[in-house]
Amino acid sequence: MWGAGINGKSVDDSVFPKFDVRAIRGPRTAQVLRTFGNVVPEVFGDPALLIPELWSDEEIGVRRKTGGVVLMPNYNDIRLWPSNAIDPRGDPFDRIRTIASANLVVASSLHAIVIAEAYGVPAVLVTSSKERPFKYEDYYLGTGREMPNPADSWESGLTATPAPPLEWDSSPLLASFPAELWKRRS
């Protein structure tokens, strides 16, 4: 397991097997996995935070601070958001380009928040109608911060104060990658 995190919808009745854990999203996931006897190192971070290190802006087509405000709900929240909100289920590189080019991201999609912060785009978390706070708290704690108070709607998110900027060192997550599991193709 490298960089994954528990969603939190059914933690109380879940059973997790033993994993080879290298890194995970955050300490809340670590706590749950440890209760099932897993050895979990203190290496936290969502791999989506590495996107700007793996691809250049030119490769993805990012044009920083040109995209205005981007609204991106969790896919369970789409019906509650306006028609100009971005559906998170589209082409991944298109979504990354849109988020990374924004001036502000307002989202209940965890990965919209993660990608925005990876690119230094101010991000406002909005409470999801379906998702429990577990995965959001896990992400923020895994990056060394408390979870900000989420906006209660996308509308109030437009005027809310974004989370503090991300100050996170990617080197432990990169160093923990299980590279030995992949063989180079000749």
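If you read the sequence from its start, that first residue is 1, and numbering goes on from there.
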Heavy-atom closest contact (Val126 atom, Asp152 atom, distance): CG1-C, 4.4 Å

In one Ile/Leu/Val/Met/Phe/Trp/Tyr side-chain cluster, 4.5 Å: Met1, Ile6: yes

Over all atoms of both residues, closest heavy-atom pair of Ala30 and Val40: CB-CG1, 3.7 Å

Exceeds 12 heavy-atom contacts within 6.0 angstrom, atom CD of Glu59: yes

Verify same cluster id: Leu54, Leu166 (apolar side-chain graph, 4.5 Å): yes

OH-OG distance between Tyr75 and Ser109, expressed to the nearest 0.5 angstrom: 10.5 Å

Non-hydrogen side-chain atoms of Ile51 and Ile96 separated by less than 4.5 Å: yes

CG on Asn38 to CZ on Arg34, rounded to 0.5 Å: 9.5 Å

Close side-chain approach of Leu71 to Leu158, heavy-atom, < 4.5 Å: yes

Hydrophobic cluster membership, Leu125 vs Leu104, 4.5 Å side-chain cutoff: no

Asp57 atom CG: more than 12 heavy-atom contacts under 6.0 Å: yes

Side chains of Glu131 and Ser108, donor plus acceptor under 3.5 Å: no

Min side-chain heavy-atom separation Phe134-Asn7 under 4.5 Å: no

Check: Trp168 ring centre within less than 6.0 Å of Phe44 ring centre: no

Non-hydrogen atoms of Ala48 and Ala118 that approach each other most closely: O-CB, 4.1 Å

Atom of Pro122, atom of Asn103 and distance for their closest heavy-atom approach: CD-O, 3.4 Å

Verdict with reasoning, Arg22 to Glu180, per salt bridge (charged side-chain N to carboxylate O under 4.0 Å, His left out): CA-CA 12 Å; Arg22 308 295 178 91; Glu180 74 281 0; 2.6 Å; yes

Trp182-Phe177 aromatic ring centre distance below 6.0 Å: yes

Straight-line distance of Thr98 OG1 to Ile60 CD1, nearest 0.5 Å: 11.0 Å

Shared hydrophobic cluster, Leu181 / Trp2 (ILVMFWY, side-chain heavy atoms < 4.5 Å): yes

Check ion pair Arg97-Asp94 (N to O, under 4.0 angstrom): yes

Arg28, His111, Arg25, Glu117 screened by side chain to side chain donor-acceptor pair (under 3.5 Å) with Tyr139, the one that passes: Glu117

Least distance between heavy atoms, Val124 atom then Ile113 atom: O-CD1, 3.6 Å

Leu49 side chain near Val114 side chain, heavy-atom distance below 4.5 Å: yes

Modelled atom types, side-chain donor and acceptor of Ser128 and Asn74, under 3.5 Å: no

Sidechain-backbone polar pair: Asn76 side chain, Lys130 backbone, donor-acceptor under 3.5 Å: no

Atom CD of Gln31: over 12 foreign heavy atoms under 6.0 Å: no

Pairwise distance CD1(Ile99) to OH(Tyr119) - rounded to 0.5 angstrom: 9.5 Å

Minimum heavy-atom distance Gly67-Val70, with the two atoms named: O-CG2, 4.2 Å

Spacing of CG belonging to Leu141 relative to CE belonging to Met147, to within rounding of 0.5 Å: 9.5 Å

Euclidean distance, Thr29 OG1 relative to Asp138 CG, rounded to 0.5 Å: 3.5 Å

Hphob cluster co-occupancy, Leu80 + Trp154, side-chain heavy atoms under 4.5 angstrom: yes

Minimum side-chain heavy-atom gap Lys18-Phe36 below 4.5 Å: no

Any side-chain heavy-atom pair of Leu50 and Leu173 under 4.5 Å: yes

Note, Arg95 side chain near Met72 side chain (heavy atom, < 4.5 Å): yes

Note, Glu53 side chain near Leu174 side chain (heavy atom, < 4.5 Å): yes

Test item: side-chain donor near acceptor, Ser129 and Asp77, under 3.5 Å: yes

Flag, side chain of Asp87 to backbone of Gly90, donor-acceptor distance under 3.5 Å: no

